[in-house]
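Below: the structure, in structure tokens.
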There are 2 protein chains.
Amino acid sequence: MDSDVDGERIALLRFVERFALALREAGMAPMPARVIAFALADDADRYTAGELARGLGVSPAAISGAVRYLVHVGLLLREREPGTRSDLYVLDDRDLWSRYMTAELALLQRFVQILDGGIEAIGLDRPGGRRLAETRDFMAFLDEEMGEAVRRWPAERDRRAAARSAEASPAG
Amino acid sequence: MDSDVDGERIALLRFVERFALALREAGMAPMPARVIAFALADDADRYTAGELARGLGVSPAAISGAVRYLVHVGLLLREREPGTRSDLYVLDDRDLWSRYMTAELALLQRFVQILDGGIEAIGLDRPGGRRLAETRDFMAFLDEEMGEAVRRWPAERDRRAAARSAEASPAG
DNA sequence: AACACCGTTCACAATTTCGTGAAAGGCGCG
DNA sequence: CGCGCCTTTCACGAAATTGTGAACGGTGTT
């Protein structure tokens, strides 16, 4: 029955839309969200821009900006195979999310800077200034904690992957 | 000299815009971002909708949806003083950010659910499925780590506040 | 050296989102 | 019980964003 590849494809695209929707709620633009969702869920580990466009059924033009953003935030790597005329967008899945979170943490540091400016302008002798200071402390704390978590992730990932394969083939 | 209150007000609004811009990059809509930035930085610890509208120089209509969202995510509390006809929006600054983060963590749990569905549909025997599983593990890990960090925050906040006042009046 | 192919950029059309103004709804007060 | 104030809701106009189609640029191929 050829394991109807068409049904699998629409199931894949359905998941892509669901996942992309959640990514959008987390602040990502629609097209980058779709592209990274598709790249993750489909089976290749490297795609040309054209493959992404055909796979998602969107125009190549829409891919361009999306992959630029995704490369910028570290979710895709751009590579070039010698002797070919198209860039390859690579999922470096070992450190994918670490890199992404590291980029996200920069936003937290920006919060801290902006708040420092506000505290200086308002002064710690005012209720507003004290609240900004407390907010600043929280952002800095979160930045430290998440930075440490990201650093722990590689080891944790291996442990969970091992647990998953142990569960798949329990040896005792 | 009356410490020109007008200059202070525009300085305040300038900070509000800067802070709100960063909040927008983190995914918040413009008006809620401005409202919470203003509420934090100004000196009152409770505001009516009208005060927020006048303070920001926007229409009361714009406040309505913004405060509904902010109450929903836990950044503002709605209160009602007996014998008055307007709700009060209160900054409960002691647990403000803890509550907010807790709400944010729900999004991470949703990621995990969506990814579980995708893994089931695609299967762990395919590269895409394995990548989704790794992504799922990361989201779950981050959820746990951030949850713990949020739980540690109250104690950490007090420690940092104490350090700040010690710095302000060094006693030895 | 001209061709063919692929990705990017540009300008446009369509959708969505945002904030305002006007009308409606509650609630306390006279 | 009616009035007045404050908030909310609704519909609209404006502005920003999104994705497409067409032209452009670069690169390998014949």
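All values derive from a computational prediction rather than experimental measurement. Proteins come first, then strands; the chains are lettered A, B, ... in the order of their sequence lines, and each starts at number 1.
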Check the orientation of Tyr47(B) and Phe38(B). Use parallel for under 30°, tilted for 30 to 60°, and perpendicular for over 60°. tilted
Before giving the answer on side chain to side chain contact (heavy atoms under 4.5 Å, CB included), spell out for Val35(A) and Leu56(A) the whole-Å C-alpha distance, their side-chain angles and the decisive distance to 0.1 Å. CA-CA 8 Å; Val35(A) 169; Leu56(A) 284 167; 3.9 Å; yes
Identify, between Val58(A) and Glu51(B), the residue whose nearest nucleotide on DNA chain D lies closer to the 5' end. Glu51(B)
What is the separation between atom CZ on Arg78(B) and atom P on dC6(D), rounded to the nearest whole Å? 18 Å
Give a yes or no on whether Arg14(B) atom CZ has more than 12 heavy-atom contacts from other residues, nucleotides or ligands under 6.0 Å away. no
A quick test of your reading: do over 12 heavy atoms of other residues, nucleotides or ligands sit less than 6.0 Å from CD of Glu120(A)? no
Quick check against the 3.5 Å criterion: does Ser64(B) have a side-chain atom that pairs as donor or acceptor with the backbone of Pro60(B)? no
Nearest-neighbour nucleotide for the Ala61(A) side chain, dA22(D), dT20(C), dC18(C) considered: dA22(D)
I'd like to compare against my own output: the B/S/- annotation of nucleotides 23-30 of chain D with a strict under-4.0 Å heavy-atom distance to protein. --------
When you get a sec, tell me which of dG21(D), dG19(C), dT20(C) is the closest nucleotide to the side chain of Arg34(B)? dG19(C)
Over all strands shown, is Ser64(A) touching base, sugar-phosphate only, or nothing at heavy-atom distances under 4.0 angstrom? base
Given dT8(C), dG21(C), dC18(C), which nucleotide is nearest the side-chain atoms of Tyr89(A)? dT8(C)
Between CG of Asp42(A) and CD of Glu51(A), what distance do you get to the nearest 0.5 Å? 9.0 Å
Is it the case that the side chain of Asp43(B) and the backbone of Gly128(A) share a donor-acceptor pair, with hydrogens and angles ignored and the cut-off at 3.5 Å? yes
Euclidean distance, atom CD1 of residue Ile63(A) to atom P of dC10(C) [Å, nearest integer]: 19 Å
For Leu40(B), is there any backbone N or O sitting under 3.5 Å from a side-chain donor or acceptor partner on Arg131(A)? yes
Met31(A) atom CE is separated from dT16(C) atom P, nearest whole Å, by 14 Å
Taking 4.0 Å as the cut-off, does a side-chain nitrogen or oxygen of Arg68(B) come that near to OP1 or OP2 on dT9(D)? yes
With sugar-phosphate meaning primed atoms plus P, OP1 and OP2, does Arg54(B) contact a base, only sugar-phosphate, or nothing at under 4.0 Å between heavy atoms? nothing
Calculate the interatomic distance between Tyr69(B) atom OH and dT8(D) atom P; express it in whole Å. 18 Å
Looking only at dT8(D), dT8(C), dG19(D), the nucleotide nearest the Asp87(A) side chain is dT8(C)
For atom CG of Leu88(B) and atom C1' of dC6(D), their distance in whole Å: 12 Å
Among side-chain atoms of Tyr89(B) and Arg46(B), is any donor-acceptor pair under 3.5 angstrom? no
Distance, rounded to the nearest Å, where Leu70(B) contributes CG and dT8(D) contributes P: 13 Å
Phosphate OP1/OP2 of dT18(D): any Arg24(A) side-chain N/O under 4.0 Å: no
Any residue of residues 39-50 of chain A with a heavy atom less than 4.0 Å from an atom of DNA chain C: Thr48(A), Ala49(A), Gly50(A)
Taking 4.0 Å as the cut-off, does a side-chain nitrogen or oxygen of Ser86(B) come that near to OP1 or OP2 on dC6(D)? no
Please check: side-chain N/O of Arg9(A) versus main-chain N/O of Gly55(A), any donor-acceptor pairing under 3.5 Å? yes
So which nucleotide from dT20(C), dT8(D), dC18(C) ends up closest to the side chain of Ala62(B)? dT20(C)
